[in-house]
J.: 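This is the structure I want to talk about, given as structure tokens.
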Amino acid sequence: MRVRFAPSPTGFLHIGGLRTALYNYLLAKKHGGTFVLRIEDTDRSRFVADAEQDILDMMTWAGIEYDEGPGREGDVGPYRQSERSARYAEVAQQLIASGNAYIAFDDDAALEALRERHRSAENPNPRYDHTTRGEMANSLTLSADEVAARLDAGEPHVVRLKVVPGNAVSFTDAIRGNVTFESGTIDDQVLIKSDGLPTYHLANIVDDHDMGITHVIRGEEWLPSTPKHILLYEAMGWTAPAMAHLPLILSPTGGKLSKRNAEKQGIPVSVHQYVEQGYEPAALVNFLALLGWNPGDEREMFSLEALSGAFSLERVGQSGVQFDLNKLRWFNEQWLRERTNEDIAGQLHEAASERFGDVELSYLAQAISMMKERMSFAEDLFEADYLFQAPETYDEKAVAKRWKESSSGALKGFAGRLDQLEDWTEEALEAALNGFIEDEGIGMGAIMFPLRMSLSGVGGGPSLYSLMQLIGKEETLSRIETALDRLG
RNA sequence: GCCGCGUUCGUCUAGGGGUUUAGGACGCCGCCCUUUCACGGCGGUAACACGGGUUCAAAUCCCGUACGCGGUACCA
């Protein structure tokens, strides 16, 4: 089995593109096949110089490694279509010679005139096809001499597929089953553009054939183009690869996950935005895998490795799937907790030190262990800035509601005990507090709330014993003193 | 307009003739745990688009309608 991911370098890697890459990768891994990366850079006008690097970087980030592609040459390279032009021209010539394609000289104005001529309410989009090609300037309507003359004169021209009407073009889609198109509804697709470069359709089938691709797995937006590809394979006498069209990823309101549409709803479309926003690669991969595929049982947590074993095309769904940021966040929480405190500490160390001055790695790891189950993203740790520095303000609403007249006294009394405490461990701190409330005859809340407020400034958070243990005796006493000053 | 694909809780989905009072997950709500906030546990909310047909029996098969999505470029 050989599969490929064939993105166009026209911009940052799209989230849907990453899923397509993932499914191809998983299928290859599952079957011990080869995963090829091919860069489809045949559109000079939309080419973006940095895009290929972004595609490579994002795949690496997600852990999706390709077996063959740019920089990892196999036997069927090069893997950029811009480096394979001669081959497409050769195939185009063969198609012309066999009568399956023809040369057309019509320029943009002629094409527009064609549309003008035929446009109506019933036919808003007239096409260049078997019904209209007879009106145009092409090698089917012009004499051989004229065609030769125009070619000699260097007149711009394209090569078009000659689609014969009246045939059923069928193929079996691995996800959708049998799909049939009537050939009369297919237009005479341009195969070679006037700049001499191939369109997607030609380049794609030539490369898939030459590269020995056995399974084409791509987005559903390609389903309507597939009969053209089938026709091309037939015309060349090649066997078409197996086809599988993945359900589209839709925006949360159901529409297309276009850049504009999605970002309006707070959904990043470029993979690099997920990187910037601190998503765990394992979480994005897990989420994307389940967006259109399911294992058939109730498991949900899948590493890339586990997916490689479980994935199958048979269990890919057929209908469009809406993107749910909530579910992604949940996966992020799950995968964040899978990481060790030390690992996350290493990731956050630099940023922590920038914000709070030098922070020890071990201190950071301990803070993370206290906060991990309260965080959705690694960087969320910094929202609990009291882990690193004394609170600057105190939550007014909480203070108004729960800071009682007795609070200062209790706090003062407990501070006295803490001052005497030699053994600064969570256990000793807990024992000290329990002893205090027993001796004073007060409830736990009477001391816990004022203590929490003085140490953190907020009403919620991790265990106070571990917080005191983390920041140390001196800092604990200092924060209590400050709070007593400011909250009375 | 035409062509194609689709349609089970708000979302991702299981189920593909009787096993179903339609199962799970996210979200939301409640309870428990608990110094707080979380985590966790338990429970709740909520779906077979509609209409015909086939059948003893349909969420499941067939047809139609509606709706959604995609395509309709010298873009991919």
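Convention: sequence-line order gives letters A, B, ...; per-chain numbering from 1.
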J.: Between B/C12, B/A38, B/C5, which nucleotide gets closest to the side-chain atoms of A/E373?
T.: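 It is B/A38.
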J.: For B/G43 versus B/U7, give the span between their P atoms, rounded off to a whole number of Å.
T.: 32 Å
J.: Does the structure place the NZ or CZ of A/R160 under 6.0 Å from the centre of the six-membered ring of A/Y128, at an angle of no more than 45° from the ring's axis?
T.: yes
J.: Taking A/D43 first and then A/R46, would you say they form a salt bridge - that is, a charged N and a carboxylate O separated by under 4.0 Å?
T.: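 Counted as a salt bridge, because a side-chain N and a carboxylate O are separated by less than 4.0 Å.
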J.: OP1 or OP2 of B/A73 less than 4.0 angstrom from a side-chain nitrogen or oxygen of A/R160, does that happen here?
T.: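 False: A/R160 side-chain N/O out of range (4.0 Å or more) of B/A73 OP1/OP2.
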J.: Could you give the distance separating B/U21 and B/C26 at their P atoms, to the nearest angstrom?
T.: 26 Å
J.: May I ask you to evaluate whether A/Q318 reaches the phosphate of B/G6, defined as a side-chain N or O under 4.0 Å from OP1 or OP2?
T.: yes
J.: Within this structure, what is the CG-to-P distance between A/D395 and B/C37, rounded to whole angstrom?
T.: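 So the two atoms are 13 Å apart, to the nearest Å.
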J.: Parallel, tilted or perpendicular: which fits the ring planes of A/F323 and A/F287, with parallel below 30° and perpendicular above 60°?
T.: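 Perpendicular.
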J.: Taking only the C1' atom of each, what is the distance from B/G23 to B/G15 in whole angstrom?
T.: 8 Å
J.: Nearest to the side chain of A/L250, heavy atoms from C-beta on, is which of B/C69, B/C12, B/G4?
T.: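 The closest nucleotide is B/C69.
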J.: Between B/C62 and B/U19, how many Å separate the two C1' atoms, rounded to a whole number?
T.: 25 Å
J.: With rounding to the closest Å, how many angstrom separate the P atoms on B/C67 and B/C50?
T.: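 Here B/C67 and B/C50 have their P atoms 15 Å from each other.
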J.: Can you label the angle between the A/F302 ring and the A/W293 ring as parallel, tilted or perpendicular, going by 30° and 60°?
T.: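 Taking A/W293 first and then A/F302, their aromatic rings stand perpendicular (interplane angle over 60°).
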J.: Got a donor-acceptor pair under 3.5 Å from the side chain of A/S194 to the base of B/C74?
T.: yes
J.: For the C1' atoms, the ones on B/A38 and on B/C32, what distance do you get once it is rounded to whole angstrom?
T.: 15 Å
J.: Can you tell me how far C1' in B/G6 sits from the matching atom in B/G27, rounded to whole Å?
T.: 25 Å
J.: Check this one for me: any side-chain N or O of A/K193 less than 4.0 Å away from OP1 or OP2 of B/C75?
T.: yes
J.: Take the protein atom CG of A/N286 and the nucleotide atom P of B/U13, then report the distance between them rounded to whole Å.
T.: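 Distance, rounded to whole Å: 14 Å.
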J.: Do the side chains of A/K228 and A/D187 get close enough for a salt bridge, i.e. N-O under 4.0 angstrom?
T.: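 Between A/D187 and A/K228 there is a salt bridge, with a charged N closer than 4.0 Å to a carboxylate O.
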J.: When you measure from the side-chain N and O atoms of A/N123 to the phosphate of B/C2, is any distance below 4.0 Å, counting only OP1 and OP2?
T.: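 Answer no for this pair, as no side-chain N or O of A/N123 is under 4.0 Å from OP1 or OP2.
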J.: Could you check whether the side chain of A/R46 and the base of B/C75 have a donor-acceptor pair of N or O atoms closer than 3.5 Å, going by distance alone?
T.: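 Checked by distance alone, the answer is yes.
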J.: When you compare B/U45 with B/C39, how far apart are their C1' atoms, in angstrom units rounded to a whole number?
T.: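 After rounding to an integer number of Å, I get 23 Å for this pair.
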J.: Do A/E135 and A/R117 sit within salt-bridge range, that is, some charged N less than 4.0 Å from a carboxylate O?
T.: yes
J.: Which of the following nucleotides, B/C74, B/G6, B/G10, is nearest to the side chain of A/S319?
T.: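 When the side chain of A/S319 is considered, B/G6 is the closest of B/C74, B/G6, B/G10.
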J.: A/T185 side chain N/O closer than 4.0 Å to the phosphate oxygens (OP1, OP2) of B/G4?
T.: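 Negative; the distance criterion is not met.
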J.: Nearest whole Å is fine: how far is B/A25 C1' from A/N326 CG?
T.: 12 Å
